[in-house]
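The structure appears below as structure tokens.
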Amino acid sequence: MYLSIFVILQKKLENTPNKTSMSKNLVIVESPAKAKTIEKFLGSDYQVMSSFGHIRDLAEKGIGIDFANNYKPEYVVSTDKKKVVAELKKATKGAEVIWLASDEDREGEAIAWHLYDELKLKDDNTKRIVFHEITKDAILNAIQNPRKIDLNLVDAQQARRLLDRIVGFELSPVLWRKIKPSLSAGRVQSVAVRLIVEREREVNKFEAESAYKLSALFNTTDINGKALVLKAALQQRFTEKKDALAFLELCKKAQFSVADIVKKPTKKSPAPPFTTSTLQQEAARKLGFSVAQTMIVAQRLYEAGNITYMRTDSVNLSSLAIGNSKTEIIAMAGEKYVHTRQFSTNTKGAQEAHEAIRPTYMNVHTIEATSQEKKLYELIWKRTIASQMADAELEKTQIFISISGSKNQFVATGEVIVFDGFLKVYLESIDDEGDTENEGLLPVLKKNEPLEYSEIDAQERFTQKPPRYSEASLVRRLEELGIGRPSTYAPTISTIQNRKYVEKGDRPADKRDFNFIKLKHDKITDTIKSENTGAEKSKLFPTDIGGVVNDFLLDYFPDILNFNFTADVEKEFDNIAEGKIEWTKAIDKFYKKFHPIVEDTLKNSERQVGERILGNDPATGRQLSVKIGKFGPLAQIGTSEEEEKPVFASLQRNQSIESITLEEALELFKLPRQIGDFEDKVMTVAVGRFGPYIRHDGSFYSLPSTDDPMQVTNERAIEIIETKRELEKNRLISSLGENNEIQVLNGRFGPYFTCNKINYKIPKTVEAASLTFEQCQELIAAQPDAGVKKKGFTRKAPSSNKTKK
DNA sequence: CAGTGAGCGAGCTTCCGCTTGACTT
């Protein structure tokens, strides 16, 4: 028996303190991991518990606001917080002093106030404290300097909360009525969708322009007399081919010489330590993580005590962290590599309740964990260390090469690192790297030295279309606009995908021809080459629904969709926080303007289907149009007004009502298509809900994505049918148990077994064919989670208890 | 799994921002 059962040791983050006697002091923080750390600093007189974030929120049923009663909010303890609140309440009974230690920002202040209110705390023994770093000094210092709850700041949070509720819960029903049920709109998500829709249209509208780029290779020698090729580019580009040709003609007879050599020292400085958003971007670029994946891995690192809190907008490091970084850098590279810095945040609306994301202990360079955790940890370690290291010093050299008979010059550029500084450890990646060239060392040359070309070419280059957003670059853009918070970037991206406004996907490269003209040995050759260009991987594309919802909202609610809306209301929230205006007045001002537009839109706007008329069907002369139907985008020949019923066809997955052409739409009506007989039964190709398929004798056979349903031949269809039959035949490996209750099968991801309709994994170390009934039983016992749907990084699922069957 | 393209129509859907789990047949 080689089976070993892995027991997953789950980290217990529960709230019940392991003390028998009540402590005199009760400290409440937001996060259980934080509570654990702080408890160690404070000694036995203090019991530290966690609120697990907000404990109450506006009622979920209805809008949760009493409009008739000066916007009185109806707060309800969230179902998943009932237990936490009960435990906290019990703990407050025995405590002499209650310390509310939630974060020092708008949301944290509100958490403190909700606790105060819900736990019915008393003014005389409740103290509000804050600290920015989890160190003994910072915490003891906080205890020495308690204050009262800042009610103005709480009011600013209430205004934020109600505004979001009003916008979300009044706009969404408009969409249900005018477009489709279950859709949603909100201050953050709708702007995110807008960014993606507008970028897609820019891409579709984009027309590449070309110009001729000239580059030359010159024969030179290095210091030791060894042959070395010098690569240089012409400063000017030619838009016309004839000009490029004329220039090469001129080069044939020209004399080249070194006109000037310019050396310039330059510097590179390290990037600041990670915030949530920059961590998401770098993990995507360097490790290929999705935004949600980064957050899940970071959460585990945080819970294990490896890193500081992972939801932060601050680039600030504690003095302790800076000091420890310095020690590490000296040990690793020496004193001259140290350059400590305190970075400051310039992000709009940043609240800086935490430190930057950094390793808890700078002397831990790497950790033993899963490979993902290890990689992310090392990334964080390097970025933090590098941020406290010296600038890199570079020397940039440009060699200008004159051409007799022309005012133009070739320029060779080289860059050498004089002192590597922080580059020893870390270099930030950039998105969408263009053509980088002429790096590295240049030969030693003298001014006026003649040069001889070995070849010169003129290559047609095209301007690049704007890049589509990736998850991470969308987060960066939202952060720039001050929209959303570190805790919501990942959920927002999930929401707009769950609503089917946006899809993550790939696009293959297009093949493009370009002119390539070469001058060598005084001979000019003119050829056409081709390149692959514009491939996209894991980018965000708007769906038709996304486009229609966006256009509708933009039409009727331009203020909400405005990129500055959040920034503007934030100013208002700041005024509330400073006590300059009452929060209900601010909400009233907004509501009085907003609500009538909602009413008006409900009454006066048309139902939105995104209809586009493409032209007429040449066969019948009837109108051909595309629109969004109940089951997604469709093409339709004829209209419902005509006596003859319209004919419908669904659009393919990669087609969109915005860009489909008349010709492409006409193709759709050629399916279903009979392609011949097999075993005396007819074979039909069609496209269904799950993509293209072949139907034969009552069975369905999916078409691989490499096959075009319009092109599939009789022979190819038979091949597809036979491959599937073969697979089916080999699917069953063995049947186990007296009544065959367990079946070992070959699946898409390798062998697995199924029992009572639940599928179970088979460890890689076990030969599937030799599995016994008993072994399977053990595996079932070891996989209690099998069959349970894995939860992604999404917003709370619609409360399923209410609609219990 | 793979047709559909409509309104006798119940009752439902939805926001953003804090934080981590998960009652048992």
Side-chain angles (χ1 to χ4, degrees), chain A residues 10-15 29-35 50-58 60-64 78-81 83-84 102-103 105-112 114 157 160-177 180-190 299 302-303 309 311 351 353 483-489 491-492 495 499 560 566 609 627-636 640 645-650 672 684 686-695 698-703 785 788 791 795-796 798-799 801-803:
Chain A
Q10 269 188 324
K11 185 163 296 295
K12 290 235 167 167
L13 295 170
E14 58 194 22
N15 236 345
V29 295
E30 291 179 38
S31 146
K34 201 165 160 181
S50 158
S51 76
F52 293 81
H54 273 295
I55 54 156
R56 300 199 301 199
D57 192 14
L58 293 175
E60 272 204 61
K61 241 181 88 187
I63 200 158
S78 330
T79 31
D80 54 334
K81 297 294 166 57
K83 209 175 131 197
V84 177
S102 44
D103 297 343
D105 58 12
R106 201 161 64 203
E107 297 297 327
E109 204 67 19
I111 288 174
H114 279 297
Q157 193 272 348
R160 198 280 303 158
R161 183 65 192 93
L162 267 76
L163 179 107
D164 282 336
R165 173 54 69 87
I166 292 169
V167 170
F169 275 39
E170 295 220 337
L171 279 190
S172 300
V174 177
L175 299 182
W176 306 342
R177 287 267 300 275
K180 215 176 115 161
S182 301
L183 295 177
S184 66
R187 173 177 58 84
V188 174
Q189 60 169 283
S190 296
Q299 174 92 31
Y302 169 67
E303 285 174 7
Y309 197 57
R311 290 185 278 263
Q351 309 208 359
I483 298 173
R485 307 277 312 124
S487 67
T488 59
Y489 294 137
T492 299
T495 300
R499 299 269 172 278
I560 308 291
T566 293
V609 290
K627 67 175 189 188
I628 291 180
K630 194 176 174 188
F631 308 108
L634 62 84
Q636 138 179 17
S640 48
K645 278 203 167 173
V647 189
F648 300 97
S650 288
T684 318
V687 177
R689 197 151 123 57
F690 305 99
Y693 65 95
I694 297 162
R695 184 168 196 156
S699 301
F700 297 93
Y701 304 87
S702 287
L703 237 59
D785 289 345
V788 179
K791 193 174 167 280
R795 292 205 154 268
K796 212 181 342 169
S799 45
N801 344 352
K802 270 189 277 184
T803 52

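Note on naming: letters A, B, ... go to the chains in the order of the sequence lines (proteins, then strands), and numbering restarts at 1 for each one. Since the model is a prediction, treat every value here as computed from it, not as a measurement.
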Roughly how many Å is it from [atom1] in [X] to [atom2] in [N], rounded to a whole number?
X        : N      : atom1 : atom2 : result
A:Lys61  : B:dC12 : NZ    : C1'   : 12 Å
A:Arg177 : B:dG9  : CZ    : C1'   : 15 Å
A:Leu703 : B:dC1  : CG    : C1'   : 16 Å
A:Ile111 : B:dT20 : CD1   : P     : 11 Å
A:Gln157 : B:dG17 : CD    : C1'   : 8 Å
A:Tyr489 : B:dC18 : OH    : P     : 10 Å
A:Arg56  : B:dC18 : CZ    : P     : 18 Å
A:Leu58  : B:dC16 : CG    : P     : 14 Å

Within the structure shown, what part of the strands sits under 4.0 Å from [X] by heavy-atom distance: base, sugar-phosphate, or nothing?
X        : result
A:Ser640 : nothing
A:Ala686 : nothing
A:Gly632 : base
A:Pro173 : base
A:Val188 : sugar-phosphate
A:Ser184 : sugar-phosphate
A:Gly108 : nothing
A:Leu183 : sugar-phosphate

Under a 3.5 Å cutoff, is there a donor and acceptor pairing between the side chains of A:Ser487 and A:Arg311?
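There is no such pair between these side chains.
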Please tell me whether A:Glu30 and A:Ser50 have a donor and an acceptor in their side chains that are separated by less than 3.5 angstrom.
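The answer is no; no qualifying pair exists.
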Side chain of [X] - closest among [options]:
X        : options                : value
A:Phe631 : B:dT13, B:dT4, B:dT20  : B:dT4
A:Glu30  : B:dT19, B:dT14, B:dA2  : B:dT19
A:Arg165 : B:dT19, B:dC15, B:dT13 : B:dC15
A:Arg160 : B:dT13, B:dC16, B:dC18 : B:dC16
A:Glu107 : B:dG17, B:dT14, B:dT20 : B:dG17
A:Arg187 : B:dC18, B:dC16, B:dC15 : B:dC16
A:Glu303 : B:dT20, B:dT13, B:dT19 : B:dT20
A:Ser650 : B:dT4, B:dT20, B:dC18  : B:dT4
A:Phe52  : B:dA2, B:dG21, B:dC18  : B:dG21

So which atom in A:Ile483 and which in A:Tyr489 form the shortest heavy-atom distance, rounded to 0.1 Å?
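Shortest heavy-atom contact: O-CE2, 3.8 Å.
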Just by distance, do the side chain of [X] and the backbone of [Y] share a donor-acceptor pair under 3.5 Å?
X        : Y        : answer
A:Ser172 : A:Phe169 : no
A:Ser51  : A:Gly53  : yes
A:Thr492 : A:Thr488 : yes

By nearest heavy atom, map A:Arg485 and A:Gly186 onto DNA chain B; which one lands nearer the 5' end?
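Between the two, 5'-proximity favours A:Gly186.
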A:Asp164 or A:Pro692: which one's nearest nucleotide on DNA chain B is closer to the 5' end?
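The residue closer to the strand's 5' end, by nearest nucleotide, is A:Pro692.
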Test of understanding: with salt bridge (charged side-chain N to carboxylate O under 4.0 Å, His left out), list the residues that count as partners of A:Arg187, not counting sequence neighbours.
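Salt bridge (charged side-chain N to carboxylate O under 4.0 Å, His left out) check on A:Arg187 returns A:Asp164.
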Give each stem of DNA chain B as a range with a range, requiring at least 3 consecutive Watson-Crick or G-U wobble pairs whose two distances are under 3.5 Å.
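As far as DNA chain B goes, consecutive pairing (with distances under 3.5 Å) yields no stem.
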Would you say [X] places a side-chain N or O within less than 4.0 Å of OP1 or OP2 belonging to [N]?
X        : N      : result
A:Arg311 : B:dT20 : yes
A:Ser31  : B:dT20 : yes
A:Tyr701 : B:dA2  : no
A:Ser487 : B:dG17 : no
A:Arg499 : B:dT14 : yes
A:Tyr693 : B:dG3  : yes
A:Ser172 : B:dC15 : no
A:Gln299 : B:dT20 : yes
A:Gln189 : B:dC15 : yes

Could you walk me through whether A:Tyr302 and A:Tyr309 pass the ring-ring contact (aromatic ring centres under 6.0 Å, His included) check?
CA-CA 6 Å; A:Tyr302 169 67; A:Tyr309 197 57; 5.1 Å; yes
Output, in order, the C-alpha distance, side-chain angles, deciding distance and verdict of salt bridge (Lys or Arg N to Asp or Glu O under 4.0 Å) for A:Asp57 and A:Lys81.
CA-CA 10 Å; A:Asp57 192 14; A:Lys81 297 294 166 57; over 6 Å; no
For A:Lys34, all residues meeting side chain to side chain donor-acceptor pair (under 3.5 Å), sequence neighbours excluded
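In terms of side chain to side chain donor-acceptor pair (under 3.5 Å), with neighbours along the sequence ignored, A:Lys34 is linked to A:Asp103.
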Would you measure the distance from the P atom in B:dT19 across to the matching atom in B:dC23 and give it in whole Å?
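Straight-line distance between the two P atoms is 23 Å.
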Is it true that A:Glu107 and A:Arg160 have a side-chain N and a carboxylate O under 4.0 angstrom from each other?
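Yes, charged N to carboxylate O under 4.0 Å.
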Does B:dC15 have A:Phe169 stacked on its base, where the ring centres are within less than 5.5 Å and the planes differ by under 30°?
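A:Phe169 vs B:dC15: stacking no.
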